[in-house]
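Just below is one structure, and these are the notes that go with it.
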There are 2 protein chains.
Amino acid sequence: MANAAHAFAALADPTRRAVFERLARGPRAVGELAKGLPVSRPAVSQHLAVLKEAGLVKDQADGTRRLYRIDPAGLGVIRAWLDRFWEDSLASFKTELEAAMRKEQRP
Amino acid sequence: MANAAHAFAALADPTRRAVFERLARGPRAVGELAKGLPVSRPAVSQHLAVLKEAGLVKDQADGTRRLYRIDPAGLGVIRAWLDRFWEDSLASFKTELEAAMRKEQRP
DNA sequence: GAGCGGCGTTAGCCATGACTTACACATGGC
DNA sequence: GCCATGTGTAAGTCATGGCTAACGCCGCTC
């Protein structure tokens, strides 16, 4: 749980991204989230379970309700994956560029 | 094309991430990529089309072959989405913290 | 131009998952 | 204790998409 695969899969769904973006504006309960979305409450609950599994949200009991908030861990995983990847691709570009320059130098 | 939705959907698939990670080590042809993957060549071709649609890779004709390389645009879209989101969630955390401190101050 | 290697595309199959309905459980107030 | 509220879970349906097999197109080489 909380690896890049889960994070990307979780954010691939439009409804899940909508839920996630609402939570970015502050903690919300499940029914509260479902109220502003075109899907049923159980659907939102299932999406929240996926987001929680991916480490993107955290839940907290509040009486009969259950408050969900964003968990920075999931975002950190994506950022780390992206950073490592960016370095790799930049290194690759550098290699290509050097090869092209060598070829240019010895035609 | 090349929005956050396409990018996340593209990177959600494991095979597509594998293809993308191979391309990070340098440009490759389609058959060359399929050779080291447990799927057929047409499958890789379809995945590359999705990655291209998402702005994550670029293609370049090379005789009968077709070289694919990473396109920084797609990674940039994800990074931008992540940065904006990070700020939002951090702002949310700050708001919560301030509210908690006010409640602490006036119990 | 005939043969060949490398890719993209289509059709179809099949597994995954998103959704709803219905049900079961926990908490709070009367 | 009892009902209402809020939520998670199970079963079932349906659409999406990843995969393969088969085909057609385009460059290269002889």
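Everything numeric in this text was worked out from a predicted model, so none of it was measured. Basis for what follows: all heavy atoms, side chains included, without hydrogens, waters or symmetry-related copies. To find a chain, count down the sequence lines: A is the first, B the second, and so on, and within it residues start at 1.
In this structure, A/Asp62 atom CG and C/dA26 atom P are separated by 18 Å, rounded to whole Å. Rounded to an integer number of Å, the gap from A/Leu37 CG to C/dT20 P is 11 Å. Rounded to an integer number of Å, the gap from CG of B/Asp13 to C1' of C/dA15 is 13 Å. Atom NZ in A/Lys52 sits about 11 Å away from atom C1' in D/dG8, given to the nearest Å. Atom pair B/Leu51:CG and C/dC7:C1' shows a separation of 16 Å (rounding to whole Å applied).
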Please walk me through it: do A/Arg66 and A/Gln60 pass side-chain hydrogen bond (donor to acceptor under 3.5 Å, both in side chains)? CA-CA 6 Å; A/Arg66 182 166 281 267; A/Gln60 170 190 3; over 6 Å; no
Evaluation steps, side chain to side chain contact (heavy atoms under 4.5 Å, CB included), between A/Phe20 and A/Asp13: CA-CA 11 Å; A/Phe20 194 64; A/Asp13 185 74; over 6 Å; no
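Look at A/Thr64 and you won't find any side-chain N or O under 4.0 angstrom from OP1 or OP2 of D/dT7. A sub-4.0 Å separation between OP1 or OP2 of D/dC19 and a side-chain N or O of B/Ser40 is absent.
With hydrogens and angles ignored, a donor-acceptor pair under 3.5 angstrom links the side chain of B/Gln46 to the base of C/dT10. With hydrogens and angles ignored, a donor-acceptor pair closer than 3.5 Å exists between the side chain of B/Arg41 and the base of C/dG8.
Checked options A/Leu67, A/Leu56, A/Leu48; the residue passing with A/Leu23 is A/Leu48 (criterion: side-chain contact (heavy atoms from CB on, under 4.5 Å)).
Using a 4.0 Å heavy-atom distance criterion, B/Ala61 is classed as making no nucleic acid contact.
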